[in-house]
Amino acid sequence: MQPKTDIKSLNLEEMKAFMEKLGEKPFRAKQLYQWMHEKQATDFSEMTNLSKALLEKLRASCELTVLKQEAVQISRQDGTRKYLFALSDGNVIESVLMRYKHGNSVCISSQVGCRMGCRFCASTLDGLVRGLTPSEMLEQVYRIGADLGERISNVVVMGSGEPLDNYDNLLKFIALLTNEDGLHISQRNVTVSTCGIVPRIRSLAEERLSITLALSLHASGQEKRKELMPVANKYSLSEVMDACRYYFACTGRRVSFEYSLVAGVNDTPEDAKELSALLHGMNCHVNLIPVNPIKERRYRQPEQKAVLDFKQRLEKNGINATIRREMGRDIEGACGQLRKSYIEAK
Ligand code: SAH
């Protein structure tokens, strides 16, 4: 039997070709596209302007990806919502909704698990299962928007997984997410976070999209970075920094650097000085995130005073920095924690 077509992952051109294969007129492609991506129908039966015959053909040949909400936790502190979704193959993934004054932001997973091995991260403890399809990435945004009953204005690919390790699907996802016949989220409101896969950062730069690149730095020197992030064994800090400069040169978009502060590891005044030197002269922004402790590791957050001090030292050196508000700490906000505790409880 032929595998079913993942129809929600097709762009309009592919959909037209698919309609022709089914013996249908190409204009049906746009109708179908709008049902899936603009109205976000969850079943073919909702698509009332398509003929019965076409709907039958679609049911027989396609899978309409719809994620099943397994659980949701709502933070009493700040309204952050953490969702656990089941995929059709039984895997589970997590996504987070964060409510800001400027709008609703959804943080999506790009893979089931992760193979990057960052020492402080819960998502990678059990390795990679598989990359998500474009439709599975989109559905996280669609289901959360529907559950909330409000528009989603920002999407950050900062959940479990390494997006640049699922590169082709990531690009398709971004195209579908920002398409004017779908949710039509502005490229400027999309951020992709990477641990630093250099050749892929360079390819992404050459796509010349208006999305923001966030680089997970976490250390200002090669040796310390290698201890925290095994990917640094493959791509050196200087290569990563060159790739970030290239991203800015190609896109004109300011790069964000993520820096998780870990007590006694990367939070000293010396670290702040070295980080300032590393970023000197770059058009960039630093997000400081006190590390979210996970039970499998002994990493701790610095005292609040040390976090503030670190930020002020960067600013004195002309580096833009914000302390990321920790959202949803009361609901296992750290990457991959909810999925892991769910699997372990089974
Ligand atoms: N793989 C991508 C995106 C997913 S991780 C990346 O590495 O950027 C999203 C961000 O959360 C990364 O900056 C990651 O290093 C950080 N992160 C993961 N676990 C964390 C934890 N326990 N505390 C603080 N930040 C964490």
Side-chain angles (χ1 to χ4, degrees), residues 82 93-96 98 105-128 131-132 137 140 155-167 169-170 173 190-198 200-201 204 211-220 224-232 234-235 237 240 243-244 247 255-263 265-267 284-302 307 310 322-329 331-341:
K82 187 130 192 174
I93 53 168
E94 53 184 76
S95 329
V96 184
M98 289 158 295
S105 181
V106 168
C107 172
I108 68 152
S109 291
S110 57
Q111 298 182 313
V112 181
C114 183
R115 58 175 176 154
M116 295 298 139
C118 296
R119 300 289 299 156
F120 42 80
C121 180
S123 302
T124 196
L125 291 167
D126 299 322
L128 175 69
L132 297 182
M137 289 188 250
Q140 298 173 59
V155 171
V156 297
V157 189
M158 262 191 203
S160 295
E162 169 48 49
L164 301 191
D165 189 33
N166 189 17
Y167 187 76
N169 285 348
L170 174 79
F173 158 71
V190 176
T191 297
V192 171
S193 178
T194 178
C195 62
I197 302 181
V198 166
R200 298 276 166 76
I201 295 177
L204 188 64
I211 62 174
T212 299
L213 178 72
L215 192 283
S216 297
L217 195 56
H218 306 320
S220 48
K224 204 173 275 186
R225 193 161 186 268
K226 262 182 5 195
E227 279 168 33
L228 291 171
M229 306 175 72
V231 68
K234 192 148 182 207
Y235 305 109
L237 185 56
V240 171
C244 290
Y247 190 87
V255 175
S256 285
F257 291 96
E258 309 284 306
Y259 194 99
S260 296
L261 284 161
V262 187
V265 174
N266 62 4
D267 66 337
C284 67
H285 184 89
V286 177
N287 268 317
L288 298 171
I289 317 141
V291 73
N292 223 327
I294 57 172
K295 69 175 191 307
E296 291 81 1
R297 304 268 188 256
R298 289 216 306 271
Y299 293 125
R300 285 181 305 107
Q301 295 191 343
V307 175
F310 197 93
T322 40
I323 299 170
R324 173 91 65 77
R325 247 196 321 145
E326 280 178 87
M327 303 188 79
R329 259 298 286 286
I331 53 165
E332 300 183 288
C335 218
Q337 270 186 69
L338 177 61
R339 169 170 176 264
K340 194 153 168 56
S341 54

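Indexing begins at 1, ligand by ligand and atom by atom, following the structure's order. Quick note: residue numbers are just sequence positions, from 1.
- Of the listed options M158, E258, H218, H218 places a heavy atom closest to atom 14 (C) of ligand 1.
- In terms of modelled atom types and a separation under 3.5 Å, the side chain of H218 and the main chain of S260 share a donor-acceptor contact.
- Taking every heavy atom of C121 and a limit of under 4.0 angstrom, the matching atoms of ligand 1 come to 18 (C), 19 (N).
- Taking the charged nitrogens against the carboxylate oxygens, E227 and R119 have no contact shorter than 4.0 Å, which rules out a salt bridge.
- Q111 and G161 get closest at one heavy-atom pair: OE1-CA, 3.5 Å.
- Checked options M158, E162, M116; the residue passing with T194 is E162 (criterion: side chain to side chain contact (heavy atoms under 4.5 Å, CB included)).
- Heavy atoms of T194 found under 4.0 angstrom from ligand 1 belong exclusively to the backbone.
- Look at G196 and you'll find every heavy atom at least 4.0 Å from all atoms of ligand 1.
- Atom CZ of R297 is surrounded by more than 12 heavy atoms from other residues, nucleotides or ligands within 6.0 Å.
- By heavy-atom distance, the residue among S216, S260, G161, S256 lying nearest atom 6 (C) of ligand 1 is S216.
- Among the atoms of F120, some N or O lies under 3.5 angstrom from an N or O of ligand 1.
- Atoms of ligand 1 lying under 4.0 Å from at least one heavy atom of N292, given by number and element, are 21 (C), 22 (N), 23 (N), 24 (C).
- Rounding to the nearest 0.5 angstrom, the gap separating the CG atom in L217 from the CG atom in N287 is 11.5 Å.
- By the criterion of a heavy-atom distance under 4.0 Å, both the backbone and the side chain of C195 are placed next to ligand 1.
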